[in-house]
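I have placed the structure first, in the form of structure tokens, so that the comments after it can refer back to it.
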Amino acid sequence: MARTPLLMGNWKMYKTVAEARAFAEALGQQSQKLDSRIEYAICAPYTCLHVLRVMLPAHVHLGAQNVFPEKEGAYTGEIAPGMLAEFGTKFVLAGHSERRMLFGESDQFINQKVKAIVANGMTPVLCVGENSSQKEDGVTKEVVTGQVLQGLDGLSADEVASAIVAYEPVWAIGSGKTATPGDAQEVARAIRAAVAETWSDQAAEGLRILYGGSVKPENVASFVQESDLDGALVGGASLDPASFAAMAEAIRGVLA
Ligand SMILES: O=C(CO)COP(=O)(O)O
């Protein structure tokens, strides 16, 4: 696989600083399970970023779950991209379905975030996915490729080549249901085709595509072994260090 596999946790609104410290300590004790051919990251609440930066094993990168697309200003409660970059944050999620649904984020606003993340030298993780009625209507690929093209709009081909898209069917998030690896692969292939047509073959080849939605140690390998899926974005199962390490081992098994 030419693209580096990526195992990324999204902690959502879980973990205090004390809990994050305990996670980092426990993961550190299992760091021999973290193969250096794989990249790792934790997208943590802002309040946990400091302790994770200090305590996570060196090759587990810091991620943020959100950002506000302005340099600075009177935006009470928001965090600017430069603040995250200064902190050593490598990855930033944009357009997670919970933010689209609960906070009304539009594709256009998400695109502003993606551009701001890139402009500050970080890697955007654009989250896309169809809801259950769109799946029933058979419009999954149209919905998802539309979100990808709008989310990445305005980026250069090189910027797209180093970006990340996380395909997370909304109905699979936190539900215990997953897409079949074959269906997720089909969607990932459609994303790559749309990117090749809009930017270039090289952009499509470089772009990493993760699957998300009820990923756990038992099923992560079945997704990562698909040719167009390069890793996983994991919610619930990323909260436990043993489960995170077990997913790392399962991905290592695919590389072996
Ligand atoms: O939303 C997700 C990751 O961003 C997926 O969450 P779960 O892994 O808990 O289903």
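All figures in this text were calculated on a predicted structure; none of them were measured in a lab. Numbers here simply count residues along the sequence, with the first being 1. Hydrogens, waters and symmetry mates play no part in the numbers below; they use all other heavy atoms, side chains included. Both ligands and their constituent atoms are indexed starting at 1 by order of listing.
- Residue Glu98 places no N or O, backbone or side chain, under 3.5 Å from any N or O of ligand 1.
- Residue-ligand proximity, Gly236 to ligand 1, at heavy-atom distances under 4.0 Å covers atoms 7 (P), 8 (O), 9 (O).
- For ligand 1, the atoms sitting less than 4.0 Å from at least one non-hydrogen atom of Lys12 are 1 (O), 2 (C), 5 (C), 6 (O), numbered in the order shown with element in parentheses.
- Note on ring orientation: taking the six-membered ring where Trp is involved, the planes of Phe68 and Tyr75 are tilted (angle from 30° to 60°).
- Of the heavy atoms in Ile173, both backbone and side-chain atoms come closer than 4.0 Å to ligand 1.
- Remark: ligand 1 and Asn10 share an N or O pair separated by less than 3.5 Å (distance only, no angle test).
- With atom 2 (C) of ligand 1 as the reference point, the heavy atom nearest to it among Lys177, Met8, Glu168 is part of Glu168.
- Close contacts between ligand 1 and Leu233 involve ligand atoms 3 (C), 4 (O) [criterion: under 4.0 Å to a heavy atom].
- Panel note: side chain Thr178, backbone Gly213; no donor-acceptor pair is recorded below 3.5 Å.
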| Are Asn131 and Ser133 close enough, and set up right, to give a side chain to side chain donor-acceptor pair (under 3.5 Å), and what steps lead you there? | CA-CA 6 Å; Asn131 62 30; Ser133 62; 3.2 Å; yes
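- For Gly235, a nitrogen or oxygen atom sits less than 3.5 Å from a nitrogen or oxygen atom of ligand 1, counting backbone and side chain alike.
- Both Val148 and Val187 belong to a common hydrophobic cluster when Ile, Leu, Val, Met, Phe, Trp and Tyr are linked at side-chain heavy-atom distances under 4.5 angstrom.
- Within a 6.0 Å sphere centred on OH of Tyr46, heavy atoms belonging to other residues, nucleotides or ligands number more than 12.
- Remark: the backbone N or O of Ser238 is paired with a side-chain donor or acceptor of Trp11 at under 3.5 angstrom.
- Of the N or O atoms in Gly174, one or more lie within a sub-3.5 Å distance of an N or O in ligand 1.
- Assignment of Gly212 to the shell around ligand 1 is not supported, since no heavy atom sits closer than 4.0 Å.
- Taking 4.0 Å as the cut-off between side-chain N and carboxylate O, Glu105 and Arg99 count as a salt-bridged pair.
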